[in-house]
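Right, one structure below, let's go through it.
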Amino acid sequence: MGMPTVRPNNPNFSSGPCTKRPGWSPAALTDAVVGRSHRSAPGKAKLAEVIERSRSILGIPDDYRLGIVPASDTGAVEIALWSMLGARGVDMLAWESFGAGWVNDMTKQLQLDDVRLCEAEYGLLPDLSQVDCDRDIVFTWNGTTSGVRVPDGDWIADDRGGLTLCDATSAVYAMELPWRKLDVATWSWQKVLGGEAAHGMLALSPRAVERLESYSPPRPLPKVFRLTKGGKLNEGIFKGATINTPSMLAVEDCLDSLKWAESVGGLSGLIDRSKDNLQAIESWVERTDWVRFLAKDPATRSCTSICLELPGDGAEMPGRIAQRLEEETVAYDIDGYRDAPPSLRIWGGATVETADIEALLPWLDWAHGEGYQSAAVE
Ligand SMILES: Cc1ncc(COP(=O)(O)O)c(C=O)c1O
(Lines give C-alpha, C1' and ligand atoms only; values in the text may rest on other atoms or scores of the structure.)
Protein backbone atom coordinates (compact mmCIF):
# COMPACT_ATOMS: atom_id res chain seq x y z
CA MET A 1 0.00 0.00 0.00
CA GLY A 2 1.34 3.45 -0.93
CA MET A 3 1.83 6.13 1.68
CA PRO A 4 -1.37 8.15 2.13
CA THR A 5 -1.14 11.77 1.08
CA VAL A 6 -3.45 13.52 3.52
CA ARG A 7 -2.15 13.96 7.07
CA PRO A 8 -4.39 14.79 10.02
CA ASN A 9 -4.29 18.56 10.62
CA ASN A 10 -3.51 17.82 14.24
CA PRO A 11 -1.41 14.74 15.12
CA ASN A 12 -2.18 14.88 18.87
CA PHE A 13 -4.06 11.71 19.85
CA SER A 14 -2.63 11.28 23.36
CA SER A 15 -4.89 10.04 26.16
CA GLY A 16 -3.54 12.65 28.53
CA PRO A 17 -2.63 15.39 28.45
CA CYS A 18 -5.10 15.44 25.56
CA THR A 19 -5.08 17.74 22.61
CA LYS A 20 -6.09 21.36 23.14
CA ARG A 21 -9.41 22.53 21.75
CA PRO A 22 -9.45 23.34 18.02
CA GLY A 23 -8.02 26.80 17.41
CA TRP A 24 -6.27 27.06 20.79
CA SER A 25 -3.20 29.27 21.09
CA PRO A 26 -1.43 30.80 24.10
CA ALA A 27 -3.43 33.97 23.34
CA ALA A 28 -6.30 32.22 25.14
CA LEU A 29 -4.44 32.94 28.38
CA THR A 30 -4.24 36.71 27.96
CA ASP A 31 -6.78 37.45 30.70
CA ALA A 32 -5.14 35.21 33.30
CA VAL A 33 -4.92 36.74 36.77
CA VAL A 34 -1.16 36.24 37.07
CA GLY A 35 1.11 38.01 39.54
CA ARG A 36 -1.86 38.52 41.86
CA SER A 37 -3.07 36.60 44.86
CA HIS A 38 -5.47 33.82 44.03
CA ARG A 39 -7.37 35.06 47.06
CA SER A 40 -7.78 38.55 45.58
CA ALA A 41 -11.30 39.38 44.35
CA PRO A 42 -10.41 38.82 40.66
CA GLY A 43 -8.49 35.62 41.50
CA LYS A 44 -11.34 34.17 43.52
CA ALA A 45 -13.81 35.18 40.83
CA LYS A 46 -11.88 33.15 38.22
CA LEU A 47 -11.81 30.09 40.47
CA ALA A 48 -15.51 30.42 41.24
CA GLU A 49 -16.23 30.83 37.52
CA VAL A 50 -14.52 27.49 36.79
CA ILE A 51 -16.76 25.84 39.38
CA GLU A 52 -19.96 27.48 38.13
CA ARG A 53 -19.34 26.88 34.43
CA SER A 54 -18.32 23.26 35.10
CA ARG A 55 -21.45 22.67 37.17
CA SER A 56 -23.68 24.21 34.56
CA ILE A 57 -22.20 22.35 31.55
CA LEU A 58 -22.20 19.01 33.36
CA GLY A 59 -25.63 19.43 34.96
CA ILE A 60 -24.31 18.70 38.45
CA PRO A 61 -27.18 18.90 40.98
CA ASP A 62 -27.40 22.12 43.01
CA ASP A 63 -27.03 20.27 46.30
CA TYR A 64 -23.67 18.75 45.26
CA ARG A 65 -20.47 20.55 46.27
CA LEU A 66 -17.89 21.06 43.52
CA GLY A 67 -14.35 22.11 44.31
CA ILE A 68 -10.89 22.55 42.81
CA VAL A 69 -8.21 20.53 44.61
CA PRO A 70 -4.46 19.94 44.22
CA ALA A 71 -2.69 17.19 42.24
CA SER A 72 -4.97 16.64 39.29
CA ASP A 73 -7.38 13.69 39.22
CA THR A 74 -5.04 11.61 41.37
CA GLY A 75 -5.17 14.27 44.07
CA ALA A 76 -8.96 14.40 43.98
CA VAL A 77 -9.27 10.60 44.20
CA GLU A 78 -6.75 10.30 47.02
CA ILE A 79 -8.39 13.10 49.02
CA ALA A 80 -11.69 11.23 48.84
CA LEU A 81 -10.30 7.77 49.59
CA TRP A 82 -8.18 8.85 52.53
CA SER A 83 -10.86 11.10 54.03
CA MET A 84 -13.88 8.85 53.72
CA LEU A 85 -12.99 5.18 53.64
CA GLY A 86 -12.93 2.85 56.61
CA ALA A 87 -16.40 3.68 57.89
CA ARG A 88 -17.79 0.52 56.27
CA GLY A 89 -16.59 -2.31 54.05
CA VAL A 90 -15.43 -1.41 50.56
CA ASP A 91 -16.04 -3.06 47.19
CA MET A 92 -13.22 -2.14 44.84
CA LEU A 93 -13.72 -2.57 41.11
CA ALA A 94 -10.70 -2.84 38.87
CA TRP A 95 -10.34 -3.86 35.25
CA GLU A 96 -7.24 -1.99 34.17
CA SER A 97 -4.26 -0.13 35.48
CA PHE A 98 -5.85 2.90 37.18
CA GLY A 99 -8.47 0.86 39.02
CA ALA A 100 -5.68 -1.53 40.06
CA GLY A 101 -3.74 1.45 41.38
CA TRP A 102 -6.62 2.43 43.67
CA VAL A 103 -6.85 -1.18 44.89
CA ASN A 104 -3.18 -1.02 45.77
CA ASP A 105 -3.79 2.16 47.75
CA MET A 106 -6.62 0.62 49.72
CA THR A 107 -4.87 -2.60 50.56
CA LYS A 108 -1.20 -1.62 50.87
CA GLN A 109 -1.31 2.01 52.00
CA LEU A 110 -4.61 2.51 53.83
CA GLN A 111 -4.54 -1.17 54.82
CA LEU A 112 -8.30 -1.35 55.12
CA ASP A 113 -9.30 -4.72 56.49
CA ASP A 114 -12.70 -5.17 54.86
CA VAL A 115 -12.01 -4.83 51.14
CA ARG A 116 -13.64 -7.05 48.50
CA LEU A 117 -12.02 -7.03 45.09
CA CYS A 118 -14.15 -7.28 41.95
CA GLU A 119 -11.62 -7.56 39.16
CA ALA A 120 -11.54 -8.40 35.47
CA GLU A 121 -8.96 -8.83 32.74
CA TYR A 122 -8.16 -6.10 30.24
CA GLY A 123 -11.04 -5.95 27.77
CA LEU A 124 -13.71 -7.01 30.26
CA LEU A 125 -15.73 -5.49 33.11
CA PRO A 126 -16.14 -7.19 36.48
CA ASP A 127 -19.56 -8.71 37.19
CA LEU A 128 -21.39 -5.59 38.34
CA SER A 129 -24.24 -7.65 39.81
CA GLN A 130 -21.84 -8.84 42.52
CA VAL A 131 -21.42 -5.33 43.91
CA ASP A 132 -23.01 -4.70 47.31
CA CYS A 133 -24.41 -1.17 47.45
CA ASP A 134 -24.52 -1.21 51.23
CA ARG A 135 -20.75 -1.14 51.16
CA ASP A 136 -18.70 1.73 49.79
CA ILE A 137 -17.85 1.24 46.12
CA VAL A 138 -14.71 2.55 44.44
CA PHE A 139 -14.60 2.36 40.66
CA THR A 140 -13.43 4.06 37.48
CA TRP A 141 -16.14 5.13 35.03
CA ASN A 142 -13.89 4.75 32.01
CA GLY A 143 -10.83 2.55 32.21
CA THR A 144 -8.43 4.72 30.26
CA THR A 145 -5.86 2.01 29.66
CA SER A 146 -8.23 -0.68 28.35
CA GLY A 147 -10.90 1.45 26.70
CA VAL A 148 -13.57 -0.33 28.74
CA ARG A 149 -16.23 1.77 30.48
CA VAL A 150 -19.25 0.97 32.59
CA PRO A 151 -22.22 1.25 30.21
CA ASP A 152 -24.45 3.06 32.73
CA GLY A 153 -25.16 3.43 36.45
CA ASP A 154 -28.17 1.10 36.61
CA TRP A 155 -26.23 -1.35 38.81
CA ILE A 156 -25.97 1.29 41.55
CA ALA A 157 -28.97 1.25 43.92
CA ASP A 158 -30.75 4.57 44.50
CA ASP A 159 -31.32 3.67 48.15
CA ARG A 160 -27.75 2.45 48.77
CA GLY A 161 -26.29 2.51 52.24
CA GLY A 162 -22.68 2.90 51.10
CA LEU A 163 -21.07 5.69 49.11
CA THR A 164 -19.99 5.43 45.48
CA LEU A 165 -16.57 6.95 44.78
CA CYS A 166 -15.97 7.27 41.06
CA ASP A 167 -12.79 8.20 39.24
CA ALA A 168 -14.49 9.71 36.20
CA THR A 169 -11.56 11.56 34.70
CA SER A 170 -11.64 10.17 31.16
CA ALA A 171 -15.45 10.10 31.04
CA VAL A 172 -16.52 13.56 32.23
CA TYR A 173 -17.49 15.86 29.30
CA ALA A 174 -17.68 12.90 26.89
CA MET A 175 -20.22 10.55 28.48
CA GLU A 176 -23.53 10.97 30.34
CA LEU A 177 -22.94 10.55 34.06
CA PRO A 178 -25.89 9.81 36.37
CA TRP A 179 -24.85 12.25 39.08
CA ARG A 180 -27.38 11.01 41.65
CA LYS A 181 -25.68 7.60 41.51
CA LEU A 182 -22.29 9.14 42.27
CA ASP A 183 -21.49 10.36 45.78
CA VAL A 184 -17.94 11.30 44.89
CA ALA A 185 -16.77 12.01 41.35
CA THR A 186 -13.34 13.22 40.32
CA TRP A 187 -11.66 14.43 37.17
CA SER A 188 -8.91 16.68 35.86
CA TRP A 189 -8.83 19.37 33.21
CA GLN A 190 -6.18 17.65 31.09
CA LYS A 191 -8.50 15.02 29.61
CA VAL A 192 -11.65 15.73 27.56
CA LEU A 193 -11.34 19.50 28.01
CA GLY A 194 -7.77 19.51 26.72
CA GLY A 195 -6.85 21.70 29.70
CA GLU A 196 -3.79 21.60 31.89
CA ALA A 197 -2.95 19.10 34.64
CA ALA A 198 -2.07 19.86 38.27
CA HIS A 199 -5.59 20.62 39.48
CA GLY A 200 -8.42 18.18 40.10
CA MET A 201 -12.15 18.59 40.42
CA LEU A 202 -14.03 16.93 43.26
CA ALA A 203 -17.84 16.63 43.28
CA LEU A 204 -19.53 15.55 46.53
CA SER A 205 -23.12 14.50 47.12
CA PRO A 206 -24.89 15.51 50.34
CA ARG A 207 -24.29 11.97 51.65
CA ALA A 208 -20.57 12.29 50.97
CA VAL A 209 -20.55 15.52 52.96
CA GLU A 210 -22.41 13.76 55.76
CA ARG A 211 -19.68 11.09 55.80
CA LEU A 212 -16.98 13.74 56.00
CA GLU A 213 -18.70 15.47 58.90
CA SER A 214 -19.55 12.32 60.84
CA TYR A 215 -16.50 10.10 60.30
CA SER A 216 -13.04 10.75 61.56
CA PRO A 217 -10.63 8.40 59.76
CA PRO A 218 -8.11 6.59 61.98
CA ARG A 219 -5.12 8.04 60.12
CA PRO A 220 -3.31 11.33 59.84
CA LEU A 221 -4.34 13.46 56.85
CA PRO A 222 -1.89 15.84 55.20
CA LYS A 223 -3.05 19.43 54.83
CA VAL A 224 -3.75 19.07 51.10
CA PHE A 225 -6.23 16.24 51.88
CA ARG A 226 -8.23 18.04 54.54
CA LEU A 227 -11.77 18.94 53.51
CA THR A 228 -13.09 19.65 57.01
CA LYS A 229 -12.34 22.13 59.74
CA GLY A 230 -13.45 21.45 63.30
CA GLY A 231 -15.61 18.54 62.08
CA LYS A 232 -17.49 20.69 59.53
CA LEU A 233 -17.01 20.82 55.78
CA ASN A 234 -14.65 23.60 54.73
CA GLU A 235 -17.22 25.25 52.46
CA GLY A 236 -14.70 27.76 51.15
CA ILE A 237 -13.00 25.07 49.04
CA PHE A 238 -16.24 24.66 47.11
CA LYS A 239 -16.49 28.37 46.37
CA GLY A 240 -12.98 28.76 44.99
CA ALA A 241 -10.96 29.27 48.19
CA THR A 242 -8.53 26.49 47.27
CA ILE A 243 -6.54 24.60 49.93
CA ASN A 244 -3.24 25.85 48.49
CA THR A 245 -2.07 28.01 45.61
CA PRO A 246 -3.38 27.08 42.16
CA SER A 247 -1.87 28.02 38.81
CA MET A 248 -3.91 30.91 37.52
CA LEU A 249 -2.62 30.17 34.01
CA ALA A 250 -4.11 26.67 34.27
CA VAL A 251 -7.31 28.20 35.64
CA GLU A 252 -7.54 30.61 32.70
CA ASP A 253 -6.89 27.77 30.31
CA CYS A 254 -9.67 25.76 31.91
CA LEU A 255 -12.05 28.69 31.53
CA ASP A 256 -11.10 28.92 27.87
CA SER A 257 -11.90 25.24 27.37
CA LEU A 258 -15.21 25.55 29.23
CA LYS A 259 -16.24 28.49 27.03
CA TRP A 260 -15.28 26.44 23.98
CA ALA A 261 -17.38 23.56 25.36
CA GLU A 262 -20.36 25.92 25.61
CA SER A 263 -19.77 27.08 22.03
CA VAL A 264 -20.02 23.55 20.63
CA GLY A 265 -23.36 22.87 22.29
CA GLY A 266 -22.40 22.13 25.89
CA LEU A 267 -22.43 18.59 27.18
CA SER A 268 -24.51 17.09 24.38
CA GLY A 269 -22.27 18.74 21.78
CA LEU A 270 -19.17 17.35 23.49
CA ILE A 271 -20.65 13.87 23.77
CA ASP A 272 -21.65 13.91 20.09
CA ARG A 273 -18.15 14.91 19.03
CA SER A 274 -16.67 12.02 20.98
CA LYS A 275 -19.27 9.53 19.73
CA ASP A 276 -18.54 10.59 16.15
CA ASN A 277 -14.87 9.85 16.76
CA LEU A 278 -15.66 6.38 18.06
CA GLN A 279 -18.00 5.76 15.16
CA ALA A 280 -15.34 6.67 12.60
CA ILE A 281 -13.02 4.12 14.19
CA GLU A 282 -15.79 1.53 14.50
CA SER A 283 -16.55 1.60 10.79
CA TRP A 284 -12.86 1.26 9.99
CA VAL A 285 -12.46 -1.67 12.42
CA GLU A 286 -15.45 -3.39 10.78
CA ARG A 287 -13.75 -3.33 7.39
CA THR A 288 -10.22 -4.04 8.65
CA ASP A 289 -9.15 -7.57 9.39
CA TRP A 290 -5.96 -6.92 11.37
CA VAL A 291 -7.49 -4.97 14.21
CA ARG A 292 -10.28 -5.30 16.81
CA PHE A 293 -11.47 -3.50 19.92
CA LEU A 294 -9.82 -4.50 23.19
CA ALA A 295 -13.26 -4.02 24.80
CA LYS A 296 -15.07 -7.32 24.26
CA ASP A 297 -18.61 -5.99 24.68
CA PRO A 298 -19.56 -3.11 22.33
CA ALA A 299 -21.71 -1.57 25.11
CA THR A 300 -18.54 -1.06 27.14
CA ARG A 301 -16.48 0.54 24.35
CA SER A 302 -15.01 3.84 25.39
CA CYS A 303 -15.52 6.83 23.10
CA THR A 304 -12.50 8.59 24.61
CA SER A 305 -9.63 6.14 25.14
CA ILE A 306 -10.23 3.93 22.13
CA CYS A 307 -8.07 0.81 22.55
CA LEU A 308 -7.42 -1.63 19.73
CA GLU A 309 -5.63 -4.94 19.69
CA LEU A 310 -3.91 -6.62 16.78
CA PRO A 311 -4.75 -10.31 17.16
CA GLY A 312 -2.58 -11.63 14.31
CA ASP A 313 0.52 -9.63 15.16
CA GLY A 314 3.40 -9.88 17.56
CA ALA A 315 3.65 -7.78 20.71
CA GLU A 316 6.02 -5.33 19.07
CA MET A 317 3.67 -4.30 16.24
CA PRO A 318 1.68 -1.55 18.02
CA GLY A 319 4.92 0.13 19.10
CA ARG A 320 6.27 -0.08 15.55
CA ILE A 321 3.12 1.52 14.16
CA ALA A 322 3.13 4.25 16.79
CA GLN A 323 6.77 5.03 16.18
CA ARG A 324 6.43 5.11 12.40
CA LEU A 325 3.47 7.47 12.59
CA GLU A 326 5.26 9.71 15.04
CA GLU A 327 8.21 9.90 12.63
CA GLU A 328 5.80 10.89 9.88
CA THR A 329 4.24 13.53 12.21
CA VAL A 330 0.90 11.85 11.56
CA ALA A 331 0.05 10.68 15.09
CA TYR A 332 1.67 11.17 18.47
CA ASP A 333 1.36 8.95 21.56
CA ILE A 334 -0.88 6.20 20.20
CA ASP A 335 0.98 3.19 21.58
CA GLY A 336 -1.05 1.36 24.27
CA TYR A 337 -0.44 2.09 27.95
CA ARG A 338 2.68 0.49 29.38
CA ASP A 339 0.74 -1.98 31.58
CA ALA A 340 -1.91 -2.84 28.98
CA PRO A 341 -1.68 -5.74 26.53
CA PRO A 342 0.06 -4.72 23.27
CA SER A 343 -2.43 -2.34 21.67
CA LEU A 344 -2.98 0.99 20.02
CA ARG A 345 -4.80 3.70 21.94
CA ILE A 346 -6.35 6.63 20.11
CA TRP A 347 -7.95 9.45 22.07
CA GLY A 348 -11.39 10.31 20.73
CA GLY A 349 -12.42 12.92 23.31
CA ALA A 350 -14.26 16.07 22.31
CA THR A 351 -11.23 18.19 21.42
CA VAL A 352 -10.26 15.73 18.67
CA GLU A 353 -11.75 16.54 15.27
CA THR A 354 -13.44 13.59 13.54
CA ALA A 355 -11.81 14.67 10.27
CA ASP A 356 -8.43 14.08 11.91
CA ILE A 357 -9.43 10.59 13.02
CA GLU A 358 -10.63 9.87 9.50
CA ALA A 359 -7.37 11.12 8.05
CA LEU A 360 -5.43 8.93 10.48
CA LEU A 361 -7.11 5.63 9.54
CA PRO A 362 -5.41 5.03 6.15
CA TRP A 363 -2.11 5.81 7.84
CA LEU A 364 -2.73 3.04 10.35
CA ASP A 365 -3.22 0.58 7.49
CA TRP A 366 -0.09 1.86 5.84
CA ALA A 367 2.03 1.73 8.99
CA HIS A 368 0.76 -1.79 9.69
CA GLY A 369 2.07 -2.89 6.30
CA GLU A 370 5.32 -1.04 6.93
CA GLY A 371 5.58 -2.81 10.28
CA TYR A 372 5.68 -6.16 8.44
CA GLN A 373 8.36 -4.91 6.11
CA SER A 374 10.60 -3.69 8.91
CA ALA A 375 10.04 -7.00 10.75
CA ALA A 376 11.16 -8.89 7.61
CA VAL A 377 14.33 -6.80 7.35
CA GLU A 378 15.34 -7.39 11.01
C1 LIG B 1 -8.74 6.66 35.01
C2 LIG B 1 -7.62 7.57 35.40
N3 LIG B 1 -7.40 7.84 36.70
C4 LIG B 1 -6.41 8.65 37.09
C5 LIG B 1 -5.57 9.24 36.17
C6 LIG B 1 -4.48 10.14 36.66
O7 LIG B 1 -4.82 11.42 36.30
P8 LIG B 1 -3.90 12.67 36.68
O9 LIG B 1 -2.56 12.37 36.12
O10 LIG B 1 -4.61 13.80 36.01
O11 LIG B 1 -3.89 12.77 38.16
C12 LIG B 1 -5.75 9.00 34.81
C13 LIG B 1 -4.83 9.60 33.81
O14 LIG B 1 -4.68 9.13 32.72
C15 LIG B 1 -6.81 8.15 34.42
O16 LIG B 1 -7.01 7.91 33.13
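Counting starts at 1 for both ligands and their atoms, following the listed order. For reference, positions follow the sequence shown, starting with 1.
Residues T19 and N10 have side chains that bring a donor and an acceptor to within less than 3.5 angstrom of each other. A donor-acceptor contact under 3.5 angstrom links the side chains of T144 and S170, judged on distance only. Judged purely by distance below 3.5 Å, without hydrogens or angles, the side chains of S14 and N12 never pair a donor atom with an acceptor atom.
Residues F98 and Y337 place their aromatic rings such that the two centres sit under 6.0 Å apart. Taking the six-membered ring where the residue is Trp, the centroids of W284 and W290 are separated by under 6.0 Å.
Shown in contact with T140 at under 4.0 Å from a heavy atom are these atoms of ligand 1, numbered in order with element: 1 (C). Counting atoms of ligand 1 from 1 in the listed order, those under 4.0 Å from a heavy atom of D73 are 3 (N), 4 (C), 5 (C), 7 (O), 8 (P), 10 (O), 11 (O). With ligand atoms numbered from 1 in the order given, ligand 1 contributes 1 (C), 2 (C), 3 (N), 12 (C), 15 (C), 16 (O) to contacts under 4.0 Å with heavy atoms of T169. The contact set between ligand 1 and T144, taken as ligand atoms under 4.0 Å from a residue heavy atom, comprises 1 (C), 2 (C), 15 (C), 16 (O). The distance from ligand 1 to the heavy atoms of S188 drops below 4.0 Å at these ligand atoms: 10 (O).
A pairwise comparison of heavy atoms in M317 and H368 identifies CE-O, 3.8 Å as the closest pair.
Protein heavy atom in closest approach to atom 14 (O) of ligand 1: K191 NZ, 2.6 Å. Looking at atom 10 (O) of ligand 1, its nearest protein heavy atom turns out to be S72 OG, 2.6 Å. Distance from atom 5 (C) of ligand 1 to its nearest protein heavy atom, with residue and atom name: F98 CE2, 3.4 Å. Closest to atom 9 (O) of ligand 1, if we only count protein heavy atoms, is Q190 NE2, 3.6 Å.
Looking at D167 against ligand 1, only its side chain comes within 4.0 Å, counting heavy atoms. Looking at T74 against ligand 1, both its backbone and its side chain come within 4.0 Å, counting heavy atoms.
In this view, E327 and Q323, R324 satisfy the side-chain hydrogen bond (donor to acceptor under 3.5 Å, both in side chains) rule, not counting sequence neighbours.
Distance check, rounded to the nearest 0.5 Å: OG of S302 to CH2 of W347 gives 6.5 Å.
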